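To keep things clear, I will list the structure first and then write my remarks on it.
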There are 2 protein chains.
Amino acid sequence: MDIQSVLLGFLMRSSMTGYDLKKAFSISFAFFSGLSYGSIYPALKRLENQGLVTKQVEIQDGAPNRKIYTITEAGRKAFLKSLRSPLPPMQPKNAFLMRLFFFSHLAPKDRKSVAMKHLWTVKQMQAQLESVQPAVAAHADRFQYLCFEFGLRFLNDLVRNLSQVIDALEEGPPETEP
Amino acid sequence: MDIQSVLLGFLMRSSMTGYDLKKAFSISFAFFSGLSYGSIYPALKRLENQGLVTKQVEIQDGAPNRKIYTITEAGRKAFLKSLRSPLPPMQPKNAFLMRLFFFSHLAPKDRKSVAMKHLWTVKQMQAQLESVQPAVAAHADRFQYLCFEFGLRFLNDLVRNLSQVIDALEEGPPETEP
DNA sequence: TCGATCATGTAATTGGTTACATGATTGC
DNA sequence: GCAATCATGTAACCAATTACATGATCGA
């Protein structure tokens with residue numbers, strides 16, 4: 001799902017500014033993605049050119065004028081179409097696996113160190129996601145909560161998987177000690 | 001791990017051409033990444049400029065001259081350094097979760113359809129990875145085999161996780177039928 | 001008084017992909 | 001005769017990030 005469709009998805013519920021959209025996105029997708037203004041504002045411009053959203057300008061004094069974007073009928077149609085369209089083939093990129101692939105070039109203690117550090121960061125993510133549970137439970141709809149639970153299970157599985165790798169690392173042929 | 005380090009990683013074992021490197025990479029990393037000539041050749045040029053590899057040209061008649069790249073001492077050092085360097089914070093991007101997040105806008109049967117199709121593609125990947133097992137067992141070193149096993153478990157877990165999402169989809173409040 | 005929040009946007013840069021351009025050899 | 005393999009490289013393009021630019025208001 002491209003950025004334009006995501007923005008349309010949020011605008012399905014209510015009209016918003018680019019700034020609001022960034023916040024909504026950060027809260028909801030913090031775990032599995034990210035978005036910056038440098039991509040949001042141009043995307044909104046494109047959506048407007050394509051007639052998928054309309055813009056109302058609210059004049060402000062101190063700050064820049066707020067530009068509130070509202071989804072159009074065409075926008076709703078486009079969003080629903082993209083929501084049903086086939087998912088692109090996924091490639092689970094994994095920086096840690098790249099390292100592991102070349103571990104033969106590393107001393108045993110370095111291998112363990114790299115792997116353990118990675119496991120630790122994953123556990124950090126896990127803790128962080130768990131800590132958000134009350135907020136999610138309060139605001140998410142049924143499907144958004146399913147996303148959250150998917151994330152929890154995903155990280156749980158990842159921790160188990162990495163732990164097995166680390167175990168296998170330990171079991172390795174005992175290297176000659178000095 | 002950036003592209004340059006990966007190329008150095010392969011060159012640690014033996015000298016190769018850009019063409020060979022692409023093949024080596026495709027075989028080893030097909031599951032979790034991809035690389036094209038459009039990034040390999042420029043990367044080799046950068047590595048050469050930085051003195052991390054040297055180039056020997058083998059004159060050929062029909063085809064373009066083969067350019068065999070060999071890693072230097074500086075290259076080995078750089079590779080080992082990058083292998084031990086901290087992993088960048090990972091973000092498990094997931095196109096399916098984006099969809100799921102907005103599922104409330106979809107009819108129940110469309111939800112199930114999208115989710116089932118995704119599950120099917122993941123199962124395809126799983127089957128494909130399993131089919132490569134003999135080749136991997138024959139050529140991979142200990143750590144490369146660990147990568148392979150990680151991949152198998154990863155896909156297995158993903159299938160379980162998605163199945164649970166699909167189950168929850170079915171359990172949903174019965175919508176009024178026409 | 002300092003940082004956060006509100007609010008917009010552009011320019012430079014990154015890190016890739018896809019398509020284009022070339023052309024001989026080998027196996028089916 | 002046609003597809004695949006060998007072998008290099010560039011140019012156009014794409015989607016995104018980061019840094020830059022601006023500036024008021026409000027709470028600790």
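Since the model is a prediction, treat every value here as computed from it, not as a measurement. Residue numbering restarts at 1 for every chain, and letters A, B, ... go by the order of the sequence lines.
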Considering residues at least two apart in sequence or located in another chain, which fulfil the side-chain contact (heavy atoms from CB on, under 4.5 Å) criterion with [X]?
X	result
B/S113	B/K117
B/L152	B/L129, B/E130, B/F148
A/A137	A/Q133, A/Y145
A/S104	B/R13, B/D141, B/F143

Does OP1 or OP2 of [N] have a side-chain N or O of [X] closer than 4.0 Å?
X	N	answer
A/S36	D/dT17	yes
A/T17	C/dT8	yes
A/S39	D/dT17	yes
B/K22	D/dT8	no

Grab the [atom1]-[atom2] distance between [X] and [N] for me, whole Å please.
X	N	atom1	atom2	answer
B/E58	D/dA7	CD	C1'	12 Å
B/I68	D/dC6	CD1	P	15 Å
A/I3	D/dA16	CD1	C1'	8 Å
B/L35	C/dT17	CG	P	6 Å
A/F25	D/dA16	CZ	C1'	12 Å
B/L44	C/dG16	CG	P	13 Å
A/E48	C/dG9	CD	C1'	14 Å
A/R46	C/dG9	CZ	P	14 Å

_My understanding is that only residues two or more places apart in sequence, or in another chain, count here; which of them pass salt bridge (charged side-chain N to carboxylate O under 4.0 Å, His left out) with B/K112?_
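Result, salt bridge (charged side-chain N to carboxylate O under 4.0 Å, His left out) vs B/K112: B/E170.
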*asked:* Return the CZ to CG distance between A/F150 and B/L100, rounded to the nearest 0.5 Å.
replied: 8.5 Å
*Supply the atom-to-atom distance A/L158 CG to A/Q126 CD, rounded to the nearest 0.5 angstrom.*
9.0 Å
_Neighbour count >12 (heavy atoms, 6.0 Å) for atom CD, A/E58_ = yes
*Would you find more than 12 non-hydrogen atoms of other residues, nucleotides or ligands less than 6.0 Å from B/Q56 atom CD?*
yes
*asked:* Please tell me whether A/S28 and A/Q144 have a donor and an acceptor in their side chains that are separated by less than 3.5 angstrom.
replied: no
Would you check if [X] and [Y] make a side-chain contact, meaning some heavy-atom pair closer than 4.5 Å?
X	Y	answer
B/D157	B/F154	no
A/R76	B/H105	no
B/L169	B/M116	no
A/L11	A/L21	yes

Give each protein N/O atom lying under 3.5 Å from an N/O atom of nucleotides 10-15 of chain C, with the pair distance.
residue: C/dT10; atom: OP1; partner: A/K45; partner atom: NZ; Å: 3.1

*Through what angle, rounded to 10 degrees, does the axis of the helix from C/dT1-D/dA28 to C/dC28-D/dG1 turn between its ends, using five pairs per end?*
40°
Distances under 3.5 Å between nitrogen or oxygen atoms of protein and nucleotides 25-28 of chain C:
none

Protein-nucleotides 1-6 of chain C N/O pairs under 3.5 Å:
residue: C/dC6; atom: OP2; partner: A/Y19; partner atom: OH; Å: 3.1

*Between B/K23 and B/D20, is there a salt bridge with N-O shorter than 4.0 Å?*
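Between B/K23 and B/D20 there is no salt bridge, as every charged N stays at least 4.0 Å from the carboxylate O atoms.
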*Mind running a 4.0 Å heavy-atom check of residues 84-98 of chain A against DNA chain C and sending the residues that fall below it, in number order?*
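None, since no heavy atom is under 4.0 Å.
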*asked:* If the condition is side-chain hydrogen bond (donor to acceptor under 3.5 Å, both in side chains), which residues does B/D110 pass it with, not counting sequence neighbours?
replied: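 If we apply the side-chain hydrogen bond (donor to acceptor under 3.5 Å, both in side chains) test to B/D110, skipping adjacent residues, the hits are A/R84.
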Identify all side-chain donor-acceptor contacts of residues 31-54 of chain B below 3.5 Å with residues at least two apart in sequence or on another chain.
residue: B/S39; atom: OG; partner: B/S36; partner atom: O; Å: 2.9
residue: B/N49; atom: ND2; partner: B/K45; partner atom: O; Å: 3.4

